[in-house]
Undergrad: 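Pasting in a structure now, in structure tokens, and then I'll have a few things to ask.
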Amino acid sequence: MPVPGPGYSITVRVDAPPSASAAGDLTTAVGKVGGVLTAFDVVESHADAIVVDITANVASADHADDITSALNALPGVEVRKVSDRTFLMHLGGKLEVSPKVALRNRDDLSRAYTPGVARVCQAIAANPEDARRLTIKRNTVAVVTDGSAVLGLGNIGPGAALPVMEGKAALFKKFAGVDAWPVCLDTQDTEEIIRTVRALAPVYAGVNLEDIAAPRCFEIEARLREQLDIPVFHDDQHGTAIVVMAALRNALRVVDKDIENCRVVVSGVGAAGSAIIRLLLRKNPADVVAVDIDGIVHTGRDGMDPNLRWVAEHTNAEGKTGTLHDALAGADVFIGVSAPNLFGAEQVATMNDDPVVFALANPDPEIDPIEAQQHAAVVATGRSDYPNQINNVLAFPGVFRGLLDAQARDIDDDMLLAAANAVADVVDDRLNASFIVPSVFDAAVAPAVAEAVRSAAVAETKG
Ligand SMILES: NC(=O)c1ccc[n+]([C@@H]2O[C@H](COP(=O)([O-])OP(=O)(O)OC[C@H]3O[C@@H](n4cnc5c(N)ncnc54)[C@H](O)[C@@H]3O)[C@@H](O)[C@H]2O)c1
């Protein structure tokens, strides 16, 4: 059930009597129907009335209506207007383009634009590499989506995906000074997406693929990596994998286990699960058992796509079959990027001693984290209202900062693992079962990730 949170915040403007009890009556009315009051502002005061803005976190549209009705029902109170603060934040979009150069007079104009700019164009025509020095390409990333797998909302299309891509671009700038721009494509055809991104590429020094459905996302990423001379990174895959690997390294420190001795169950073999499995295998765990909607993934299964076949061939050394519950028995680690409410405390009890449970399905995890805590030594989720939030924002801004600073032409698993180590290292001696990853607002994270990725990229170029 949704709970009131800042993602759904309303401001209700009311006319109220100027009595001594007005403030108490209004705030009590909001509290009685479960609204979480966050601000109370008297915006006008007259001899016979006051006008008040009451701001509260709510759980849903129905809950917002309940609050409005509760306020309207108070004697002498009339609701004038209800504003949704989330929508207000999105009015007119969240990004703008702002020139870095002054354009005050003819002299400025002649250098920024014609005729002076022509010589810069000619320099780039003579030496295309100069585009990275003399244009926005140096610091600009395309955030590319086809709108086919947006948040947990599914295939809502490119226009509806734009608020998410704008938010992503805002995070790139805020956390790492990267100029990212949304590129929402009105096609879900693999070939057309590849062709279009290739045609757009001259402007960008990197491509961040976002919210493109599996399995299409695997082919789009692989083919673009082949065809472009700039790094291509699918955040739903690799951003997640980086933060999961960072969290896992620290969780295993808490329970004092080595990854080489751990049996890991990964539930979900879509975008996130596949990338997690590939990076995890680089650390040589004792075994990985992948599970999807059809149960444990094994080589004897019919009708597997190339991605699932690769996973089947590289995991499940014992050739297990069966359900997620079967896979969990005796496992040291559970990593879920699949679906809500798949198991309970009784299955955690069947895992090895001091199990680690990452239940990352959003918004509702594979197991209620409170239930998981009954037997698990470390629990993480994707949610901000529990400790140990696995959030991609810990990775992608720093990853691209490092790639841009290195003028990298591609990205590989060594760079992803370097980023994961950097995220894990930021925790340092603050480590405990409720603090295996840093806060998303820890200002040390993005520079640490950027430096790790830059060094790995530079080492690769030299090597
Ligand atoms: N940082 C995070 O917390 C984070 C990051 C990425 C994804 N996620 C979450 O992980 C989930 C999957 O994301 P995705 O982009 O990989 O989706 P996806 O659609 O690409 O893959 C979903 C996978 O889950 C499997 N699945 C579905 N129902 C299942 C069930 N009942 N039992 C076992 N497996 C089941 C599917 O077979 C598929 O392999 C989503 O809930 C997403 O929000 C969280």
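Nothing fancy with the numbering, it's 1 onward along the sequence. Both counts, for ligands and for their atoms, begin at 1 and track the order of listing. In this text, all values refer to a predicted model and were calculated from it rather than measured experimentally.
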Undergrad: Does this structure show an ion pair linking Lys100 with Asp179, if we count only N-O contacts that are shorter than 4.0 Å?
TA: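 Salt bridge: no.
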Undergrad: If you measure from atom 27 (C) of ligand 1 to every heavy atom of Asp211, Ile293, Asp294, which option wins on shortest distance?
TA: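 Checking each option, the heavy atom nearest atom 27 (C) of ligand 1 is found in Ile293.
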Undergrad: Under a 4.0 Å heavy-atom limit, does Thr240 contact ligand 1 with its side chain, its backbone, both, or neither?
TA: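 Only the side chain of Thr240 comes within reach of ligand 1.
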Undergrad: Does Gly152 reach ligand 1, in the sense of a heavy atom lying below 4.0 Å from it?
TA: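 The answer is no: ligand 1 sits nowhere under 4.0 Å from a heavy atom of Gly152.
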Undergrad: Kindly indicate whether the side chain of Lys283, heavy atoms from C-beta on, has any atom under 4.5 Å from the side chain of Arg249.
TA: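 With C-beta onward as the side chain, the pair stays apart.
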Undergrad: With the side chain counted from C-beta on, respond yes when His314 and Arg278 share a heavy-atom pair under 4.5 Å apart, and no when they do not.
TA: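 No. Closest side-chain heavy atoms not under 4.5 Å.
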Undergrad: Tell me, which protein residue and heavy-atom name are nearest atom 25 (C) of ligand 1, and how many Å apart are they?
TA: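 The protein heavy atom lying closest is Gly268 CA, 3.9 Å.
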Undergrad: May I ask you to identify the nearest protein heavy atom to atom 18 (P) of ligand 1, giving residue, atom name and distance to one decimal place in Å?
TA: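 Answer for atom 18 (P) of ligand 1: Gly270 CA, 3.9 Å.
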Undergrad: Just to be sure I read this right, does ligand 1 sit under 4.0 Å from the backbone of Leu342, its side chain, both, or neither, counting only heavy atoms?
TA: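 For Leu342, only side-chain atoms sit under 4.0 Å from ligand 1.
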Undergrad: Does atom CG of Asp256 have more than 12 heavy-atom neighbours from other groups under 6.0 Å away?
TA: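 No, because the 6.0 Å sphere around CG of Asp256 holds 12 heavy atoms or fewer from other groups.
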Undergrad: Walk me through whether Ile436 and Val356 qualify under side chain to side chain contact (heavy atoms under 4.5 Å, CB included).
TA: CA-CA 11 Å; Ile436 57 169; Val356 169; over 6 Å; no
Undergrad: Any protein heavy-atom neighbour for atom 16 (O) of ligand 1 (distance below 4.0 angstrom)?
TA: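 Neighbour list for atom 16 (O) of ligand 1 includes protein heavy atoms (cut-off 4.0 Å).
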Undergrad: Among all protein non-hydrogen atoms, which one is nearest to atom 13 (O) of ligand 1, and what is the separation to 0.1 Å?
TA: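 Going by distance alone, atom 13 (O) of ligand 1 is nearest to Val337 O, 4.2 Å.
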Undergrad: Applying a 4.0 Å heavy-atom criterion (strictly less than), which segment of Ala361 is in contact with ligand 1: side chain, backbone, both, or neither?
TA: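 Under 4.0 Å from ligand 1, Ala361 contributes backbone and side-chain atoms.
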Undergrad: Would you say the side chain of Val144 lies within less than 4.5 Å of the side chain of Thr196, judging by non-hydrogen atoms?
TA: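 The answer is no, as the side chains (C-beta and beyond) never meet within the 4.5 Å cut-off.
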Undergrad: Ignoring hydrogens and geometry beyond distance, is a side-chain donor-acceptor pair present between Asn139 and Arg401 at under 3.5 Å?
TA: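 Indeed, the side chains of Asn139 and Arg401 share at least one donor-acceptor pair under 3.5 Å.
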Undergrad: Can you check which of Val297, Asn307, Asp292, Leu360 brings a heavy atom nearest to atom 34 (N) of ligand 1?
TA: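 Considering heavy atoms of Val297, Asn307, Asp292, Leu360, the nearest to atom 34 (N) of ligand 1 sits in Asp292.
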Undergrad: Record the part of Ser338 in heavy-atom contact with ligand 1 below 4.0 Å; permitted values are side chain, backbone, both and neither.
TA: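 Both the backbone and the side chain of Ser338 come within reach of ligand 1.
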Undergrad: For ligand 1, find out whether one of its N or O atoms is nearer than 3.5 Å to an N or O atom of Asn362.
TA: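 Yes: some nitrogen or oxygen of Asn362 is under 3.5 Å from one in ligand 1.
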Undergrad: With a 4.0 Å cut-off on heavy atoms, does Ile390 reach ligand 1?
TA: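 Within the 4.0 Å threshold, so yes.
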Undergrad: Examine Val269 against ligand 1 and note whether any of their N/O atoms are separated by less than 3.5 Å.
TA: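 N/O-N/O distance below 3.5 Å exists for this pair.
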Undergrad: Polar-atom distance check: Ala272 versus ligand 1, any N or O pair below 3.5 Å?
TA: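 The answer is yes, given that Ala272 and ligand 1 share an N or O pair closer than 3.5 Å.
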Undergrad: Is atom 20 (O) of ligand 1 near the protein, in the sense that some protein heavy atom lies at less than 4.0 Å from it?
TA: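 Within 4.0 Å of atom 20 (O) of ligand 1, protein heavy atoms are found.
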Undergrad: Any chance CG of Asp186 has more than 12 other-residue heavy atoms, nucleotides or ligands included, within less than 6.0 Å?
TA: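 No - once you tally the heavy atoms of other residues, nucleotides and ligands closer than 6.0 Å, there are 12 at most.
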Undergrad: More than 12 foreign heavy atoms under 6.0 Å from CG of Asp229: is that the case here?
TA: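 Correct, the count exceeds 12.
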Undergrad: Per the ring-ring contact (aromatic ring centres under 6.0 Å, His included) rule, which among Phe400, Phe396, Phe172, Tyr204 passes with Phe233?
TA: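 So the option named by the test is Phe400.
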